[in-house]
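Reviewing the structure listed below.
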Amino acid sequence: MSWLRVELWTAEVVYTGFGTPMLRGGIAVQGGFVVGQGSLEELRARFPEAEVVRKGRALFPPPVNAHTHLDLSLLPLYRGPFPGFLSHVMAHRERRGLEGARRGLEELLASGAGAFADIVFKDEVMDFLLGESPLPGVAFYEVFAPDPAEAEEAFARVRRKVEAWRRREGRVRVGLAPHAPYSVSPSLLKRLAQYAQAEGLPLMVHAAESREEVAFLTRGEGPLGEVYGRFARTPWTPPGTTPVRHLHALGVLGPKTVLVHGVQVEEEEVRLIAEAGAKVVLCPRSNRNLGVGEAPLALYARHGVELALGTDSRGSSPDLDVRNEALFLWERADPRLLLRALTRGGYRALGLPTPKLTRGTPLSLVHFL
Ligand SMILES: [Zn+2]
């Protein structure tokens, strides 16, 4: 590309951060910068001499990886039934921690991500992300406490830590991640949700990931009983309802709530999510590797649920490049929906503004699929 000549870059779908993704959109570029954006027709009228360059499937601002577990970046990749994954993480727990998080953050930066949402399990990883991450995002502190007898003590411990970390917020903000409806007692889920709402803290919860989760919540059946029994002495009382309805009843769904996976959902639950203004992060490659099924994208879209994309951990995903999640779904979904989830949906889930490709944006911030 010559320094002064203007080119018009287009792709199957273009999202510039304004409005919604366009099928016949583009950007005008000159000398290493964006000099205009809009529909290809308008750009052609403005720059009649410019050459049109096709850039493949999609062109967009930096994508968001809206669900990572950076501390699991040194785990071997697991492929198999969902209940075995928890055992896989346990079996490799000595590889979990700061070194993995450092490696993971490097990989995330190399992928060109513009922001991230990480699940943080260890205090040292929270300290690291708050102090050293050059990438903006939310570090969600994970709470795993299934025994209702522990709820009070666990809540007090979490609150103490979160208060201290919030004083150090900068580029990375602090959120709360009650792990899942089967691994955090209902009383604790309720308290955490009330606390988060009072403090304006974002919440991230793994929910409706597998059929096993649904069976355990609705009927108290299946292999998750064994997992529960490893961490709780109080016998499990199934709430007798599905994961999303259970979370809704406990007050967990709200505009600052982000559900992760959302594979096993019925239409009524999608409606509850939409009404609450909660967001959903899809991790399609992790879902494939754990054999849990596919999230109903079209159903979410029909109800206007804001979707984002995440890779999940290196334990269930081959890399941390979130663009590969969109590519994985490319033939199966409306590409405009995927491009929105990859960018605007992710920034909205994190409470961040979407960067724009507009006059003056350096080309290093233009991404492609
Ligand atoms: Zn996860």
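Each ligand, and each atom within it, is numbered from 1 in the order the structure gives.
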task = Salt-bridge test for R24 and E41: reply yes if a basic N is under 4.0 Å from a carboxylate O, no otherwise.
result = no
task = Tell me the protein N, O or S atoms under 2.8 Å from the Zn ion (ligand 1), in chain and number order.
result = H67 NE2, H69 NE2, H206 NE2, D312 OD1
request  = Measure from the side-chain N and O atoms of D312 to the backbone N and O of S317, and report whether any donor-acceptor pair falls under 3.5 Å.
outcome  = no
request  = Please check if the side chain of K256 supplies one atom and the backbone of G200 the other of a donor-acceptor pair under 3.5 Å.
outcome  = yes
query = Are H303 and E267 linked by a side-chain donor-acceptor pair shorter than 3.5 Å?
reply = yes
ask   = Going by the angle between their ring planes, with limits at 30° and 60°, are H88 and Y78 parallel, tilted or perpendicular?
value = tilted
request  = Check whether NZ of the Lys or CZ of the Arg R96 lies under 6.0 Å from the centre of the six-membered ring of F121 and within 45 degrees of that ring's axis.
outcome  = yes
